[in-house]
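Since the structure comes first, as structure tokens, the remarks are kept for the end.
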Amino acid sequence: RQTLYTFTASVRVPDATPGSQANPASGSFWYLAFGSGGSSGGERRAAARLTQKEPQVRAVSGLVVHRSTATPGAVGALIATFTTATTLHEGGRLLLEIPAGFAFGAHLGQACSRGSVGGEDTAEIPADATLDCIQLPGDGSLAFEWSIGATSVPPGHYGVSVFVQNPVTSPGVADSYSMAFWLRTYSDSSRTTIADAAASAPADVSMKTLPQADLVTEYIDSGSGISDWRPGRTTWVVFAFELREDIPPAFEILVRAPMGFQVASSCGVHVGDGSTYSPLGSQGTSLPSHLTQFILFPPETSVSCVGHGREARISVSPAVPGSRSTMPAIAGKVYLFRVEVTNPLTTPSSNHWLLRVADQEFSGILGFDLQEFRESSIQPSNTAAGDITSVKLNFWSRTSVRGVTGSRHGIILITMPSGFALQAVNGLCSGFSGLQNSSRVVGDLVTCEEWLGNPQRIVLHNRMDSALAPDKYEFECQVENPGLPTPSLHWELASYRTEFAMDEDLLDTTLVEGFAVNTKLSSFAVEPWPGGSQRSGFEVTLRVALMLDSAVRSGDALIVRGPEEYTSLCEGGGFRSQLLPRPACSGARAAFSFANFTDATVPEILPKDVDGATVVTFELGAVNPETKPIRNILEFVHCRGVGSTSIPERDLFQGSSVCP
């Protein structure tokens with residue numbers, strides 16, 4: 001009873017990890033049974049289930065290949081998602097082989113370029129992995145090859161996006177189902193040591209091209225309320241398409257929206273009753289007599305819609321089976337239908353839709369711009385808690401904000417996060433010197449005011465006779481920061497047709513990343529050397545002394561930000577300090593990074609509330625500006641844990657926030 005037995009046996013490793021999505025039918029446990037017989041009839045003396053870590057099969061699993069278009073000869077994005085089981089270290093290789101007939105595609109004039117993957121649960125290959133388009137020896141297959149850099153690729157769920165050109169002609173039926181994409185991984189640069197077993201995914205059959213297809217925006221009945229192009233809103237999107245040839249009476253329509261759009265699982269679809277133009281609004285919608293290109297789906301047509309992500313799959317069939325033999329193609333005429341989607345929070349950078357009707361497809365359908373502010377930013381002069389700060393707001397409006405019309409006028413409303421308070425005198429914004437567009441101040445009749453006694457909201461009233469045309473604008477006003485430190489929160493910008501700011505009057509809207517409010521340093525001093533008046537364009541040394549409110553840890557950064565007209569000098573003799581590392585400079589900013597320090601090597605800097613608190617001193621060179629700064633303020637910030645290994649300069653100085 002006390003003897004320990006061992007034995008070995010050969011087994012075949014499955015193609016995917018037991019119990020995983022790629023191998024769900026297989027159990028993930030091993031069983032050991034002792035007995036005198038086989039699986040039936042014999043006496044079983046003992047049995048046990050072996051408890052151990054779930055066996056991980058070294059294989060690529062769950063490979064799914066998605067192409068943005070299947071039109072013959074078209075260039076489109078290809079996204080492949082997959083799961084790996086083995087870490088790829090520096091020098092490793094990841095290959096995506098494309099089937100015969102496909103070619104590498106160019107994007108924005110650049111060959112062999114990466115696209116955007118998207119998806120919260122899908123990681124991308126690290127940016128330091130280089131991508132090459134290669135022809136493999138032997139059969140001459142084409143492949144995208146990622147050479148892994150210093151950043152390893154651990155096991156996980158990944159996605160890659162590239163651009164391919166579809167075969168010019170559709171393959172035969174037999175060939176189309178044998179064509180496949182292959183995903184392979186190797187542990188070495190010579191591609192001799194396999195990391196995970198390869199996986200394949202079939203290529204779609206290429207489609208015929210629809211003669212024409214488009215989004216209809218011009219002829220929609222505005223009183224029907226079916227269109228809402230505001231960010232995050234649900235809207236109907238109207239399509240028109242011409243068939244190249246007759247198709248069977250029962251068929252499927254695929255609608256693929258740009259990245260960011262969402263389609264509900266039980267999505268709305270409407271083709272009308274075959275007699276009224278309700279796809280463009282309602283049953284009462286009529287068209288001008290000169291519009292003869294639109295035609296309707298046949299009467300008694302049944303439709304249903306299933307959505308997933310940004311795709312809608314619409315099943316179309318006669319309500320009475322066998323009542324018609326085809327869905328006819330009529331030259332020069334376009335069928336109408338609409339589908340319901342939810343808009344993204346911002347207009348996609350690649351704003352094109354795809355429509356597939358049976359075996360005919362049209363890609364690259366230009367989408368609509370959302371009613372939103374673009375390129376919005378907030379720049380504070382001071383981020384200390386409880387201080388008054390001058391805030392500059394920049395935005396690019398997409399919709400005109402009307403001037404005085406009767407007794408009404410348009411407004412732009414800014415809602416700040418809780419804790420911020422507009423500084424106002426008699427209801428007018430302090431520090432406001434006018435709204436400026438891309439060329440000038442637009443006029444005194446655009447005023448900045450407190451919103452109905454609520455200091456958390458700022459409103460710009462357009463009391464001019466003319467509208468504020470779509471343009472880039474900026475203005476400044478003074479606000480009081482929250483009394484306690486807060487993280488960076490969103491500010492809301494919205495424009496309205498009238499000063500009542502009702503939902504039905506909403507025009508453009510957006511959420512803008514604000515700025516973090518930091519603990520105010522109670523001990524800080526700076527003086528120029530040499531002293532006295534400063535000469536424009538000359539170098540000056542800033543002597544700084546301060547005590548921190550909290551200790552410096554590994555990964556922290558100390559950031560000095562001067563008026564934007566100054567230039568910091570970090571190299572050579574421009575910097576001196578007995579405690580701080582040499583900073584990285586960009587414009588008027590200098591950053592002292594402790595990302596490459598450990599807790600044991602970080603200089604001991606005791607905070608001000610500790611006995612023997614450290615007085616941190618340093619000298620930093622700068623070049624005086626040619627003119628007096630508009631905002632003559634120097635800011636110092638202690639950022640906690642902004643980097644674990646290194647802090648690239650582009651991260652330190654990107655955006656309006658002081659801390660990266």
Side-chain angles (χ1 to χ4, degrees), residues 68-69 76-77 79 107-108 113-120 161 163 213-220 222 225-240 255-264 267 307 309-312 338-355 362-378 393-401 410 412-415 437-438 467-474 490-497 503-514 654-656:
S68 64
T69 175
I79 297 177
H107 179 62
L108 299 178
S113 60
R114 304 189 193 203
S116 175
V117 175
E120 295 181 357
S161 178
F163 294 89
D214 208 346
L215 264 68
V216 181
T217 58
E218 186 175 353
Y219 304 111
I220 293 177
S222 59
I226 65 172
S227 293
D228 189 343
W229 296 343
R230 292 173 290 182
R233 300 299 183 99
T234 298
T235 185
W236 290 91
V237 181
V238 182
F239 287 90
V255 175
R256 182 178 298 145
M259 286 286 189
F261 283 86
Q262 290 291 317
V263 182
C267 42
R310 60 190 180 104
E311 289 189 349
R338 54 181 159 99
V339 64
E340 196 173 31
V341 302
T342 299
N343 297 328
L345 296 179
T346 186
T347 302
S349 56
S350 179
N351 193 16
H352 294 90
W353 297 66
L354 176 140
L355 180 66
F362 200 99
S363 61
I365 301 173
L366 183 62
F368 52 86
D369 283 345
L370 298 177
Q371 295 175 208
E372 61 173 334
F373 292 106
R374 302 273 190 90
E375 299 181 13
S376 304
S377 66
I378 297 172
L393 292 95
N394 295 270
F395 55 89
W396 180 10
S397 64
R398 306 289 288 176
T399 308
S400 295
V401 179
I412 298 174
L413 184 62
I414 300 97
T415 302
N437 62 16
S438 55
L468 290 173
D471 201 348
K472 295 182 179 180
Y473 293 93
E474 71 173 43
H490 287 109
W491 295 41
E492 181 180 354
L493 273 67
S495 58
Y496 295 88
R497 292 185 181 89
D503 186 68
E504 58 267 24
D505 292 330
L506 182 63
L507 301 174
D508 293 336
T509 182
T510 192
L511 294 176
V512 189
E513 183 71 24
Q654 187 175 29
S656 61

Closest heavy-atom pair and its distance - Leu354, Ser68 | CD1-O, 2.5 Å
Could you check Val401 against Tyr473 for side chain to side chain contact (heavy atoms under 4.5 Å, CB included), going step by step and ending with a plain yes or no?
-> CA-CA 12 Å; Val401 179; Tyr473 293 93; over 6 Å; no
Rounded to the nearest 0.5 Å, how far does OG1 of Thr234 lie from CG of Asp228?
-> 8.5 Å
Search all heavy atoms of Arg497 against all heavy atoms of Glu504 and return the closest pair with its distance.
-> NH1-O, 3.2 Å
State, with a plain yes or no, whether a side-chain heavy atom of Leu366 is found less than 4.5 Å away from one of His352.
-> yes
Atom of Pro344, atom of Leu370 and distance for their closest heavy-atom approach = O-CD1, 3.3 Å
Supply the atom-to-atom distance Ser438 OG to Glu474 CD, rounded to the nearest 0.5 angstrom.
-> 10.5 Å
Output all residues satisfying ring-ring contact (aromatic ring centres under 6.0 Å, His included) with Phe373, sequence neighbours left out; order by chain, then residue number.
-> Phe395
If you look at every heavy atom in Thr69 and Gly76, which pair is closest and at what distance?
-> CG2-CA, 3.9 Å
Can you check side chain to side chain contact (heavy atoms under 4.5 Å, CB included) on Asp214 and Ile365, steps first, answer last?
-> CA-CA 6 Å; Asp214 208 346; Ile365 301 173; 4.0 Å; yes
Which residues satisfy the ring-ring contact (aromatic ring centres under 6.0 Å, His included) test with Trp229, sequence neighbours excluded?
-> Phe368
From CA spacing to verdict: side chain to side chain contact (heavy atoms under 4.5 Å, CB included), Trp236, Ile220 | CA-CA 10 Å; Trp236 290 91; Ile220 293 177; over 6 Å; no
Those residues that, when tested against Asp369, pass salt bridge (charged side-chain N to carboxylate O under 4.0 Å, His left out) (two or more places apart) | Arg374, Arg398
Do side-chain atoms of Glu372 reach the backbone of Thr347 as a donor and acceptor pair under 3.5 angstrom?
-> yes
For the residue pair Val263 and Ala312, what are the closest heavy atoms and their distance?
-> CG1-CB, 3.9 Å
Residue set satisfying ring-ring contact (aromatic ring centres under 6.0 Å, His included) with Trp491, at least two apart, ordered chain then number -> Phe420
Residues at least two apart in sequence or cross-chain that pass side chain to side chain donor-acceptor pair (under 3.5 Å) with Asn343, listed by chain then number, are none
What closest approach, in Å, do Gly232 and Thr342 show between heavy atoms, and which atom pair accounts for it?
-> O-CG2, 3.8 Å
Under the 3.5 angstrom rule, does the side chain of Ser495 hit a backbone N or O of Leu506 as a donor-acceptor pair?
-> no
Residues two or more places apart in sequence or in another chain: which of them pass ring-ring contact (aromatic ring centres under 6.0 Å, His included) with Phe163?
-> His107
Please step through side chain to side chain contact (heavy atoms under 4.5 Å, CB included) for the pair Val238 and Ile226, ending with a clear verdict.
-> CA-CA 9 Å; Val238 182; Ile226 65 172; 4.2 Å; yes
Does the Asp508 side chain pair with the main chain of Ser397, one donor and one acceptor, at a distance under 3.5 Å?
-> no
Any donor-acceptor pair under 3.5 Å linking the side chain of Arg310 with the backbone of Phe261?
-> no
